[in-house]
Amino acid sequence: MEEPRIGVYVCWCGTNISKMVDVEAVTNEVKALPNVTIAKNYKYMCSDPGQDLIIKDIKLHNLNRVVVAACSPRIHELTFRTACEKAGINPYLFEMANVREQDSWVHTDRTEATNKAIDLVVAAIRRVRYHEPLQKRFVNVNPATLIIGGGISGLTAALEIANAGKQVYLVEKSDQLGGQVKKFDLTFPHLSSAQQMIRPIVQRVDNHPNISVFLETEIREVTGYIGNFKTAISVNGGDPVELEFGNIIAAVGLKPFNPEVISEYNYKEFPDVITSFEFEEKLLAGRILTVYGKEPRNVAIIHCVGSRNKKYHEYCSRVCCMAALKYVHQVRAALPSANIFEIYADMRAYGKGHEEFYALTTHRQIMFLMYDQQKKLPVINQADRSDNCNMIIEMDELLSGQSIEVPVDMVILMVNMEAQENVKQVVRAIGVSLCGNQFFIEKHPKLDPVATTTGGVYIIGTCQGPKDIPDSVAQARAAAARILGAIAQGSVPIEVTTASVNELLCCGCQTCIGVCPYKAISYDENNKVSIVNEILCKGCGTCGSACPAGAIISKHFTDLQILSEIEGVMSMS
Amino acid sequence: MSVRVHPELRNQLMQFGIGDWNACYHCGTCTAMCPLSEEGFLFPRKKIRLMQMGLKNEIESSVEPWLCYYCGDCTSTCPRDANPGELMMSLRRYLTSIYDWTGLSKKFYTSEVWEIGSILLIAVLVVIAFLIGLPAMGYSFTTELTSQGGVKINSFAPIHIIEAFDWAMAIVVGGLLISNILRMYYKIIWKHGHTKVTFWVHVREFWRLVFNFSVQPKFGKCDDKRYWFSHWFLMSGYTIMFIVVVVFLPWFQTEKILPPWHLQRALGYYATFGLLFGLLVAITGRMRRKDVKFYFSHVSDWLFLVMLTLTVITGILIHIFRIYGMPYATYIFYIIHMAVLVPMILIEVPFSKWSHLAYRPFAVYFQHLKTHAVPRKTKINSIN
Amino acid sequence: MDFRPKIVAFLCNWCAYTGADLAGTSRIHYAPNIRIIRIMCSGRIEPTFILKAFQQGADGVLVCGCHPGDCHYQEGNYKCLRRFKLLQKFTRQMGIEKDRLRLEWISASEGKQFAELVNDMTKTLLSMGPSKVKSSLEVEHLNV
Amino acid sequence: MRSPSKTCIFFYNPQFSDFDPIDYAELIRYSMTFPNVSRIWKYHDFIWNEQNLTDKIEANGIDHLIVAGLLPGTVKTLFSKAMAIAGKDPANVILASFNDYYTGTTFDMDRLKSVLACLIAGLSYETVAIPDENPVNPATLVIGGGIAGIQASLEIAYSNNHVYLVEKTGTIGGKMATFDKTFPTLDCAACILTPKMVEVNQNPFINLMTYCEVQEVSGEAGNYSVRILMRARKVNVKTCIGCGTCTEKCPAQAPSEFDYGTSMRKAIYMPFPQAVPNKYMIDAESCIYLKTGKCRACVKVCPVPDCINLDEQDHEVTINVGNIIVATGFKPFDAKKMDQFGYGRLPNVLTSLEFERLLNASGPTGGNIHLRSQDKKGNWIFTEEAEKPEKVAIIHCVGSRDKNHNKYCSRVCCMYSLKFSHLILEKLPGAEIHEYFIDMRSFGKGYEEFYERILEEDVSIVRGKTAKVEERNGKLFLRGEDILKGEILENTVDMVILSIGLEAAEETRDLSRMLGIPRSEDGFFEEVHYNLDPTATSRGGIYLAGTCQGPKDIPDSVAQGSAAAARAIQSILKGKIYKDLISIPLETIEKRINKLTLVQLEEKHL
């Protein structure tokens with residue numbers, strides 16, 4: 001590699017730097033250093049004339065390295081890199097010394113500050129000597145998308161992408177599309193018909209030219225990386241079909257919790273203790289009847305079944321409260337004279353229009369009873385003849401402080417939503433991870449709720465955590481936006497300052513594979529060396545420091561660069 | 001031991017003017033707002049809860065409704081428009097009907113026909129008594145005036161007859177009231193199987209009854225002191241009048257016109273002013289409907305106000321006409337006066353709104369009995 | 001001449017380095033003895049770097065990463081912590097006092113905390129006097 | 001089931017609904033015109049109990065029943081029951097929920113008719129009512145630079161399409177930038193937000209327009225022209241080097257908007273150290289020169305020639321865009337409205353947002369919790385000299401879930417209050433904390449776990465809201481009912497934090513007029529379909545993101561930000577965009593219905 005010819009530029013930043021740092025002294029100090037071809041200072045390096053100065057010098061003195069001592073690289077690194085590029089040298093052959101935020105602004109002794117500045121500049125000079133040109137890299141994105149799960153989120157995402165004219169492969173485990181919503185009669189809080197809502201969507205998906213639906217199909221294994229995934233699926237036992245796609249959306253949803261394990265409720269013991277999903281079936285069939293074919297005179301709805309209780313699931317299922325209030329209206333309409341008991345823990349009417357819906361429900365001749373979902377669950381017992389009802393619920397009512405008996409003929413258990421059985425298999429296939437509650441882990445709980453740490457793989461809807469329809473749908477679109485964005489670009493940029501393995505040094509100990517948070521490193525059995533997939537690598541450098549053989553180079557942060565920077569900062573003492 | 005909830009009780013309660021109490025979502029604001037709700041006797045929220053759950057016995061055995069003087073702070077701050085203040089009011093109506101063994105109270109509260117009908121009936125009887133009864137008994141009134149130029153009222157309303165009637169009425173009303181208060185005592189104190197109150201406590205705490213009756217310190221605790229004053233002024237006026245008329249009628253209803261500073265007239269004037277002032281505040285309040293306290297008016301509220309006002313005004317007129325010697329006017333208004341007064345006493349005091357003048361202080365008394373209640377012997381527990 | 005301790009600091013790009021910048025933008029003054037070296041993640045830090053710093057004559061070495069759970073690369077800071085613990089044992093064997101080598105968590109909004117940290121460390125180092133590592137190494141050179 | 005034979009329509013128009021803006025007579029007249037509509041029942045025609053309904057269904061051989069009105073779902077079950085008893089398929093009870101088609105101010109009768117027409121033909125309105133398409137201008141306008149707006153802008157920029165990001169204040173970042181830690185993970189807001197902000201500034205596809213406001217919007221889906229007022233920043237954003245010399249010299253002060261008035265800033269200022277753009281600006285209100293014509297201190301000291309131009313005037317620009325994303329966010333509830341809590345009267349009653357600043361390391365007290373105290377001039381400020389509180393009370397649901405103020409739940413208060421408890425304990429170990437709540441709404445991912453964690457910490461979390469806060473010898477006295485214990489709870493504390501709710505921002509009113517998008521009664525923008533289109537509006541090419549559509553936490557706002565972008569990107573990729581949903585005339589709908597039903601008939605025959 002050619003001898004480094006370094007141009008050093010010290011910025012005054014008006015008086016911001018020059019007030020506390022003797023800019024001239026710094027310049028003179030470094031002029032003489034080896035490989036420093038030229039050292040200058042200027043009032044505002046970031047200003048256009050400042051940048052022009054650099055560009056001119058690069059051309060004039062054919063510099064191949066540039067150091068700028070100015071503000072924080074977080075502010076102007078990009079500016080100067082672009083300047084270098086303009087002048088025709090690789091932007092990564094540039095280094096910045098932070099002499100404003102981390103020197104002139106924080107110190108009060110001019111000589112001290114100046115010395116520090118010199119150290120920092122020298123360090124930058126030493127470091128930049130070992131910089132290597134790096135190229136921006138992209139991978140092409142296959143415009144097709146694989147969506148796993150045909151629930152409301154999956155369907156929405158599919159339509160969103162397909163309507164943009166892009167191919168979608170929609171894979172559904174069961175024999176029909178529509179997911180959980182298809183099992184509902186009404187939706188809250190506007191009590192609109194779920195069937196009327198979902199049917200046309202399923203129709204549209206079925207007839208969409210850009211969507212190919214695979215029912216009764218599961219994803220076993222996915223190979224490849226962002227932009228270029230592959231999988232083979234066998235449609236109901238037929239010979240496997242090879243699919244290629246650039247992005248994956250997981251929308252596998254959740255399944256209802258089985259309350260048999262909760263002894264207090266005697267689910268299955270008492271035939272008229274039913275889950276919310278079983279109740280929806282009754283609603284769809286049009287009749288609310290007990291097993292004795294009678295209309296219940298007393299109906300109790302118990303919230304938080306399997307939720308918010310360490311014995312079952314600690315998390316809140318987010319939708320049950322509102323669904324329960326929905327049932328109040330439905331039972332009241334069908335059974336005008338029935339007594340309805342809403343046995344709840346906290347009323348979670350948090351969404352748009354929910355609190356209003358809750359208020360409305362209180363006018364429907366209903367009795368709210370509060371229990372402690374952690375310490376003492378209500379107990380459902382068989383009733384005596386004298387009670388003239390089928391069952392008796394015994395509970396401690398919190399708001400009155402009374403322990404009470406509630407006569408009931410039918411009990412609806414608002415069951416928690418929990419992970420599907422096959423979730424582990426999906427997770428393994430698409431290379432994402434699960435949290436303690438068996439929910440898919442998003443890339444960032446706040447700023448990236450739909451992406452995952454695996455590029456090109458997105459998670460939407462309830463598999464990321466319980467959600468109501470609007471929130472699921474919003475997530476579905478969010479993922480669609482990402483994917484459409486990537487497709488529109490045709491390619492996605494990937495990290496430049498990645499790690500790479502020097503195969504000559506690699507001893508094949510595979511330590512690096514263990515430490516990589518992105519599963520970017522794999523082991524090449526034939527050559528007995530580790531290989532970094534630079535598409536998956538995010539360049540944190542953890543592997544580099546773990547490698548006992550020093551075989552892993554983390555680009556732009558190589559040992560050599562950092563060590564010489566250390567020498568640099570210490571050189572003047 | 002667990003109690004059974006009764007959803008159907010709501011329908012009964014509704015008849016007593018209870019509003020949208022299921023709206024309450026138990027934030028506790030009302031209780032915190034209320035300066036009167038105190039340790040062990042929390043309201044309104046707790047009482048609302050009992051109603052929502054239809055816990056009949058718990059409602060009937062509670063004194064709290066009587067501890068509330070309806071300042072309205074709870075209602076104005078209620079985030080759910082559940083209207084706790086009016087709820088307590090309605091509960092008082094309900095309890096009045098529960099205490100009353102005759103069942104008339106419930107009739108009066110729940111049916112306007114019954115209430116107004118019976119009032120009219122009694123009024124008519126009174127008129128008949130004066131126009132036919134007295135003459136038939138051989139009393140004939142004179143129109144000639146006294147030496148002072150006053151009306152010879154006793155010739156029209158023979159003092160001993162009226163007095164006798166007063167006493168009779170007082171006894172009937174008192175009897176009813178006392179029997180109801182005994183039922184109240186039974187429901188609040190006695191019925192509680194697992195606690196009992198020693199006789200000594202009954203004696204020791206008795207002063208509270210008197211104190212609360214005469215001063216109404218609880219009302220004084222409410223943030224708005226004006227209402228305490230007007231209420232107390234009215235109440236004291238009424239009581240004085242009542243005593244004077246029932247116990248000292250011969251001393252009060254005299255033909256001799258005494259000087260204005262004479263105790264007889266002074267007392268009369270005080271009572272009249274007290275009543276008028278209190279009534280004025282209440283009526284204007286209920287008409288303006290600005291304060292929450294007066295926003296909701298049950299029929300019983302209005303009836304009572306109207307009748308009392310009539311009584312007072314007619315009373316004043318009688319007084320004037322008597323002094324200025326206008327016999328006919330005096331006699332006519334005497335009849336009207338009685339025709340309003342008698343039903344008011346007979347209906348309102350034992351069965352309706354006016355009964356609270358007895359129930360309130362007793363409630364406070366019972367409250368303190370409750371606080372000093374001690375657990376009974378186990379054998380009684382085993383019975384429950 | 002009076003002893004001016006030198007601290008070499010390794011700051012992760014996402015939290016600590018940003019925090020140090022914030023100290024600057026909010027003009028919080030601190031001791032000028034620190035020399036900051038930026039790395040992408042505290043997980044990148046190798047024992048060699050730290051030893052090199054001491055060998056070059058640093059009187060103290062400071063390592064700053066994101067608070068637990070905040071790591072931009074999920075768990076780099078935990079890895080750093082583990083290695084750090086091991087290294088500490090070793091450096092103490094080498095006769096480098098515990099307080100000369102510190103690992104601290106600094107978030108992007110903790111400019112003030114960073115300044116305090118630097119001042120505090122400078123103070124301790126002043127009380128401890130210069131590090132022996134460099135001189136001892138030089139001595140060995142002479143013997144050879 | 002398709003193109004049903006004997007249909008009956010029940011018009012559910014109960015009079016108790018406080019206002020009935022629908023002309024049912026007209027709808028009835030209209031539905032009469034369909035041959036397959038054999039019966040029409042009105043609410044008051046008969047006592048529509050189970051018995052009567054069953055009889056009538058049997059008698060008239062009805063096999064298809066449409067329940068039309070506001071919230072018809074409230075009675076649906078009764079009808080499906082009657083159908084079932086009458087031996088018909090309860091699935092043939094169809095709802096015409098007019099409330100789903102409410103356009104903010106009125107009901108568009110033609111729209112309601114279209115809905116009926118579709119349902120009578122056994123089709124869904126959504127499948128039939130697909131608007132025509134316009135060509136689309138690839139540029140997009142994003143209104144509001146909060147987290148939702150930032151997210152939306154970045155999404156679109158990633159797809160290499162141009163974005164104008166218009167922000168009212170001098171910096172992007174919105175409310176999130178003012179927060180300290182975010183629940184439930186407690187990672188610091190700045191750490192995760194500032195990189196995104198910088199990204200916005202550096203992304204070549206994003207044209208960042210801070211200190212600007214939308215004045216007028218004209219045109220239609222695919223081609224809107226927007227007039228934007230560019231407020232005079234009076235500091236040249238291009239040349240300003242953000243050195244801050246001007247601020248040091250500036251003599252004029254004003255309360256800092258960014259710190260919610262808990263601290264003072266100069267007249268020339270940067271909203272906060274990590275502001276984007278990282279440049280200074282002049283507040284005309286407090287600038288001495290602009291008021292008196294004297295001073296110019298900043299100009300004198302500014303190292304950059306003519307960077308500061310005190311005489312710069314506001315001016316307007318007009319841009320053309322194909323899509324508009326509204327992300328104007330929320331405004332905090334004004335706690336002064338609830339006088340019983342004494343906010344504004346009692347210095348140490350704080351709003352949650354003020355407290356966020358107090359917690360924040362870059363806040364007025366450098367992240368230490370201190371009581372508000374009086375300075376020499378006598379105005380109440382936060383300083384690090386002041387004492388630290390030993391007892392703190394946090395009151396939930398201030399202004400939320402309250403008929404006297406906002407009926408709705410603000411969705412985030414429970415969680416951030418719990419977060420406060422945790423952070424207070426972290427910063428003031430041994431502090432006594434009381435939380436007063438009604439229902440604990442920890443519904444999100446990891447929220448319940450966080451709640452459990454706080455329960456185990458040394459915090460008293462009381463079910464039962466306090467009624468009022470009073471000053472008693474220098475301290476704050478609270479009286480509340482501990483509902484679960486069933487006793488009165490009286491506390492004297494040093495500091496009270498009011499967990500204030502979220503309200504629609506002021507500009508929503510004007511924007512809804514300018515953009516022609518409805519607002520729901522609580523003032524937030526109304527989405528076109530509650531379930532299926534939470535981010536779209538009834539106008540083509542205009543979308544909603546974040547809290548301007550309703551209270552939301554950060555992840556949900558971010559999701560919506562991206563979701564809104566999805567539609568924009570989609571339309572750009574297609575090169576076509578749907579016009580307004582309401583624009584479709586009744587005739588078109590009817591034509592399409594006929595076509596579709598024909599197609600279905602053919603399908604049947606095949």
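Bear in mind the structure is a predicted one, so any value in this text is a computation, not a measurement. The chains referred to below are lettered A, B, ... by the order of the sequence lines, with proteins before strands, and numbering in each begins at 1.
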**Complete:** Okay, D:Phe183 and chain A: the region with an atom under 4.5 Å from a heavy atom over there is backbone

**Item:** 4.5 Å side-chain heavy-atom contact, A:His354 and D:Tyr408
**Value:** no

**Complete:** Applying a strict 4.5 Å limit to non-hydrogen atoms, the region of A:Glu160 in contact with chain D is both

**Message:** Please determine whether a side-chain nitrogen of the Lys or Arg among D:Arg463 and A:Asp372 lies less than 4.0 Å from a carboxylate oxygen of the Asp or Glu.
**Reply:** no

**Message:** So which residue, D:Cys302, D:Ser400, D:Cys409, ends up with the most heavy-atom pairs under 4.5 Å with chain A?
**Reply:** D:Cys409

**Item:** Contacting region of D:Phe437 [heavy-atom separation from chain A under 4.5 Å]
**Value:** side chain

**Donor-acceptor pair between D:Ser442 and A:Arg348 side chains, under 3.5 angstrom** = yes

**Message:** What part of D:Asn531 gets within 4.5 angstrom of chain A, counting heavy atoms only: side chain, backbone, both, or neither?
**Reply:** both

**Item:** Toward chain A, the part of D:Ser97 with a non-hydrogen atom under 4.5 Å
**Value:** side chain

**Asked** Given a strict heavy-atom distance threshold of 4.5 Å, which part of A:Trp105 is in contact with chain D: side chain, backbone, both, or neither?
**Response** side chain

**Prompt:** Under a 4.5 Å heavy-atom cutoff, which of A:Gly490, A:Ser400, A:Ser192 has the most pairs with chain D?
**Reply:** A:Ser192

**Request:** Name the region of D:Met440, side chain, backbone, both or neither, that has any atom closer than 4.5 Å to a heavy atom of chain A.
**Result:** both

**Message:** Quick check for you: to the nearest 0.5 Å, what is the distance between A:Arg482 atom CZ and D:Leu154 atom CG?
**Reply:** 9.0 Å

**Prompt:** What residue, out of A:Ala334, A:Pro336, A:Pro200, A:Pro466, has the most heavy-atom pairs lying under 4.5 Å from chain D?
**Reply:** A:Ala334

**Prompt:** Does a sphere of radius 6.0 Å around NZ in A:Lys443 hold more than 12 heavy atoms from other residues, nucleotides or ligands, not counting ones at 6.0 Å or beyond?
**Reply:** no

**D:Lys407/A:Glu355 ion pair, N-O < 4.0 Å** = no

**Fill in**
Heavy-atom nearest pair, A:Arg477 first then D:Ala563, reads CB-CB, 3.4 Å

**Item:** Carboxylate-amine/guanidinium contact D:Glu448 A:Lys310, below 4.0 Å
**Value:** no

**Prompt:** Does the pair A:Lys282 and D:Thr77 meet the rule for a side-chain contact (heavy atoms from CB on, under 4.5 Å), with working shown?
**Reply:** CA-CA 10 Å; A:Lys282 286 184 190 287; D:Thr77 333; over 6 Å; no

**Asked** Nearest 0.5 Å, what's the OH-CZ distance between A:Tyr350 and D:Arg401?
**Response** 13.5 Å

**Asked** Using a cut-off of under 4.5 Å for heavy-atom pairs, which of A:Ile288, A:Asp471, A:Asn163 has the most such pairs with chain D?
**Response** A:Asn163

**Message:** Is the shortest side-chain heavy-atom distance between A:Arg364 and D:Thr74 below 4.5 Å?
**Reply:** yes

**Asked** Between D:Pro555 and A:Pro449, what is the shortest heavy-atom contact and its length?
**Response** O-CG, 3.7 Å

**Asked** If you tally heavy-atom pairs under 4.5 Å against chain D, which of A:His329, A:Met347, A:Glu356, A:Met370 wins?
**Response** A:Met347

**Asked** So among D:Tyr447, D:Tyr451, D:Phe443, which one has a side chain to side chain contact (heavy atoms under 4.5 Å, CB included) with A:Cys316?
**Response** D:Phe443

**Complete:** Taking every heavy atom of D:Pro303 against every heavy atom of A:Lys43, the minimum-distance pair comes out as O-CE, 4.4 Å

**Residue part contacting chain A, namely of D:Ile150, when any heavy atom lies under 4.5 Å** = neither

**Prompt:** Any ion pair linking D:Lys76 and A:Asp185 (charged N to carboxylate O, less than 4.0 Å)?
**Reply:** yes

**Message:** Does any backbone or side-chain atom of A:Ile17 lie under 4.5 Å from a heavy atom of chain D? Answer side chain, backbone, both or neither.
**Reply:** neither

**Asked** Within a reach of under 6.0 Å around CD of D:Glu521, are more than 12 heavy atoms found that belong to other residues, nucleotides or ligands?
**Response** no

**Prompt:** Which answer fits A:Ala479, side chain, backbone, both or neither, if we ask what part of it has an atom under 4.5 Å from a heavy atom of chain D?
**Reply:** neither

**Prompt:** Mind checking whether A:Val473 and D:Thr535 have side chains closer than 4.5 Å, heavy atoms only?
**Reply:** no

**Message:** Looking at D:Lys403, I want to see if its NZ is surrounded by more than 12 non-hydrogen atoms of other residues, nucleotides or ligands under 6.0 Å.
**Reply:** yes

**Interatomic spacing from OG in D:Ser124 to CD in A:Gln195 - rounded to 0.5 Å** = 13.0 Å

**Asked** Quick one: NZ on D:Lys81 to CD on A:Gln330, what's the gap to the nearest 0.5 Å?
**Response** 13.5 Å

**Prompt:** Are any non-hydrogen side-chain atoms of A:Glu295 and D:Glu50 less than 4.5 angstrom apart?
**Reply:** yes

**Item:** Presence of salt bridge, A:Lys446 and D:Asp553, under 4.0 angstrom
**Value:** no

**Asked** Side chain, backbone, both or neither: which part of A:Phe188 has an atom under 4.5 Å from a heavy atom of chain D?
**Response** backbone

**Which atoms of D:Asp522 approach chain A - backbone, side chain, both or neither, heavy atom under 4.5 Å** = side chain

**Prompt:** Where does A:Gln464 contact chain D at under 4.5 Å (heavy atoms): side chain, backbone, both or neither?
**Reply:** both

**Message:** Is A:His190 close to chain D through its backbone or its side chain, or both, or neither, when contacts mean heavy atoms under 4.5 Å?
**Reply:** both

**Complete:** Answer key: most heavy-atom pairs under 4.5 Å with chain D among A:Arg204, A:Gln475, A:Met197 is A:Met197

**Request:** Report yes if some heavy atom in the side chain of A:Ile152 is under 4.5 Å from a heavy atom in the side chain of D:Leu532; otherwise report no.
**Result:** yes

**Message:** For A:Leu155, which atoms come within 4.5 Å of any heavy atom of chain D: side chain, backbone, both, or neither?
**Reply:** neither

**Message:** Within the structure provided, determine whether A:Leu399 and D:Ile483 are in side-chain contact (heavy-atom separation under 4.5 Å).
**Reply:** yes

**Complete:** When rounded to the nearest 0.5 Å, the distance separating OG of D:Ser562 from CG of A:Leu447 is 10.0 Å

**Message:** I want to check something: taking the side chain as every heavy atom from C-beta on, are A:Leu191 and D:Leu95 in contact at a cut-off of under 4.5 Å?
**Reply:** no

**Request:** Could you have a look at A:Gly351, A:Ala349, A:Pro493, A:Ser317 and say which one has the most heavy-atom pairs with chain D under 4.5 angstrom?
**Result:** A:Ala349

**Complete:** Honestly, the part of D:Lys552 sitting under 4.5 Å from a heavy atom of chain A is neither

**Asked** Should A:Gln196 and D:Glu126 be marked as a side chain to side chain donor-acceptor pair (under 3.5 Å) after you check the CA-CA gap, both sets of side-chain angles, and the distance that decides it?
**Response** CA-CA 10 Å; A:Gln196 282 167 249; D:Glu126 279 70 20; over 6 Å; no

**Prompt:** With a 4.5 Å heavy-atom cut-off, do D:Pro90 and A:Arg287 have their side chains touching?
**Reply:** no

